[in-house]
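In each ligand, atom 1 is the first atom listed, and ligand 1 is the first ligand listed.
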Amino acid sequence: MNIVISGSGLFTPAHSISNDELVIAFNQYVDLYNAEHRDAIAAGAVTALEYSSSEFITKASGIKSRYVIEKEGILDPTFMRPRLSERPDEAPSILCEIGVAAAVEALKDAGRKAADVDLVIVACSNLQRAYPAIAIEIQQQLGCAGYGYDMNVACSSATFGIGAAADAIRAGNARCALVINPEITSGHLDFRDRDCHFIFGDVATAVVIETEEACRSENAFRILSTLFRTQFSNNIRNNFGFLNNSSPETRDSSDKLFKQNGRKVFKELLPLVTATISEHLQKQSLQAADFKRFWLHQANLTMILFAAKKLLGREPSAEEVPIILDRYANTSSAGSIIAFHLHSRDLKPGDRGLLSSFGAGYSVGSMLLQKR
Ligand code: CO8
């Protein structure tokens with residue numbers, strides 16, 4: 001049974017923050033902090049904070065701007081997080097709202113109605129609550145049949161989610177699935193931390209998964225093969241969770257937001273990514289040269305280009321390896337799907353493409369696709 005990605009959708013928030021805007025707000029915070037702690041800094045008891053810089057951000061990451069769900073709160077040096085009022089339980093949650101927007105576009109692209117869908121998987125890094133599942137809320141909002149559940153494999157959530165949907169269809173548990181990646185990373189990012197305040201952006205993506213036999217789409221991609229790998233690491237970690245209430249003294253400490261050791265991630269994750277993809281290609285008796293396009297996880301420009309060069313054995317062209325992180329930043333699970341959504345329509349029947357996500361866990365998902 002051949003399984004296809006028959007449609008994709010993208011929700012982009014209305015607000016964008018440039019590096020300059022972000023750095024101005026951060027540096028205002030630094031001034032406030034250092035003024036407040038002037039005596040302790042002079043006595044050597046507190047370390048003064050240092051300014052951030054747009055030049056550093058662009059050079060170290062390739063990111064020039066990011067979309068966010070709410071801008072004013074993030075740029076307020078006395079607040080520095082998106083200002084989102086809590087919604088009543090009767091109203092759709094914000095993750096549901098942006099997930100639905102991406103899903104509606106994906107369904108249209110696939111030539112499907114919500115009622116055709118009998119599995120909804122929400123796969124993302126930044127779930128807004130423990131339960132009920134956002135996927136079940138989306139199932140209800142859209143009017144889908146069957147069942148739904150949430151899952152989290154950090155940045156690899158999308159490929160792991162597509163794999164789970166394909167398996168469910170092969171097993172006869174579903175016929176048509178929506179895999180949705182709503183990421184409000186700005187709620188989990190420490191905008192007071194110079195090392196990471198620039199890394200992430202908000203977005204939602206969705207894809208429709210079904211059998212090739214049932215597919216009605218002009219732009220469908222057959223899933224030729226998948227390979228998933230995980231390897232435990234503390235180098236990308238967020239300790240937020242319901243047990244935080246049991247330790248009220250540390251409930252608001254900075255480890256309850258995203259933390260990473262970026263250099264170590266670079267050194268340890270990249271070899272895992274290239275080894276996993278190489279193993280996958282070898283197992284399928286294929287080579288990187290057999291692929292027209294590489295939709296890679298969008299975490300860092302150097303990282304993307306390094307991985308592509310290692311696989312191809314030469315510099316990749318801009319057409320082969322689409323980059324969207326310059327304006328979207330790292331959107332966690334959604335990054336490779338944005339690249340796929342925006343840069344797949346020009347491929348011709350028979351062309352192959354490689355979709356890969358990687359990140360916390362560590363986790364790597366590799367997916368070999370072929371245009372129908
Ligand atoms: N402005 C100016 N200088 C800075 C800044 C800044 N903003 N930040 C750091 N510096 C300084 C440092 O202090 C350091 O100074 P010194 O040399 O004096 O010590 C110098 O610049 C160099 O710093 P780094 O070594 O940290 O710089 P790098 O070149 O390594 O670049 C990056 C930093 C961009 C973070 C880079 O290491 C990187 O991208 N690494 C890979 C990261 C990655 O792929 N992570 C995956 C994360 S995604 C994921 O899976 C998590 C999902 C969860 C999502 C949650 C959303 C919130």
Got more than 12 heavy atoms from elsewhere within 6.0 Å of [atom1], [X]?
{"X": "R38", "atom1": "CZ", "result": "no"}
{"X": "F240", "atom1": "CZ", "result": "no"}
{"X": "K64", "atom1": "NZ", "result": "no"}
{"X": "K292", "atom1": "NZ", "result": "no"}
{"X": "E279", "atom1": "CD", "result": "yes"}

Side chain, backbone, both or neither: [X] near ligand 1, heavy atoms under 4.0 Å:
{"X": "Q260", "value": "side chain"}
{"X": "E183", "value": "neither"}
{"X": "N330", "value": "side chain"}
{"X": "N126", "value": "side chain"}
{"X": "S125", "value": "side chain"}
{"X": "V265", "value": "side chain"}

What atoms in ligand 1 come closer than 4.0 Å to a heavy atom of [X]?
{"X": "F258", "value": "51 (C), 55 (C), 57 (C)"}
{"X": "D195", "value": "8 (N), 9 (C)"}
{"X": "H188", "value": "57 (C)"}
{"X": "G359", "value": "50 (O)"}
{"X": "M303", "value": "41 (C), 44 (O)"}

Considering both backbone and side-chain atoms of [X], is one of its nitrogen or oxygen atoms within less than 3.5 Å of a nitrogen or oxygen in ligand 1?
{"X": "A360", "result": "yes"}
{"X": "S332", "result": "no"}
{"X": "R194", "result": "yes"}

Verify the ring-centre separation between F340 and F221: is it less than 6.0 angstrom?
yes
Do me a favour and list the nearest non-hydrogen protein atom to [atom] with residue, atom name and distance?
{"atom": "atom 1 (N) of ligand 1", "value": "S53 N, 3.2 Å"}
{"atom": "atom 31 (O) of ligand 1", "value": "A60 CB, 3.6 Å"}
{"atom": "atom 29 (O) of ligand 1", "value": "R263 NH2, 2.9 Å"}

Scan the protein's non-hydrogen atoms and note whether one is under 4.0 Å from [atom].
{"atom": "atom 18 (O) of ligand 1", "answer": "no"}
{"atom": "atom 21 (O) of ligand 1", "answer": "yes"}
{"atom": "atom 12 (C) of ligand 1", "answer": "yes"}
{"atom": "atom 26 (O) of ligand 1", "answer": "no"}
{"atom": "atom 15 (O) of ligand 1", "answer": "no"}
{"atom": "atom 48 (S) of ligand 1", "answer": "yes"}

Just checking, any donor-acceptor pair under 3.5 angstrom between side chains of [X] and [Y]?
{"X": "T276", "Y": "S366", "answer": "no"}
{"X": "Y362", "Y": "E268", "answer": "yes"}
{"X": "S18", "Y": "D20", "answer": "no"}
{"X": "Y147", "Y": "N173", "answer": "no"}
{"X": "T205", "Y": "H341", "answer": "no"}
{"X": "N219", "Y": "S217", "answer": "no"}
{"X": "E70", "Y": "S186", "answer": "no"}

For atom 37 (O) of ligand 1, which candidate among A299, G262, C155, A154 provides the closest heavy atom?
G262
Among I199, N300, L301, which residue places a heavy atom closest to atom 36 (C) of ligand 1?
N300
Does NZ or CZ of R194 lie under 6.0 Å from the centre of the six-membered ring of F26, at an angle within 45° of the ring axis?
no
Any L119 side-chain heavy atom under 4.5 Å of Y149 side chain:
yes
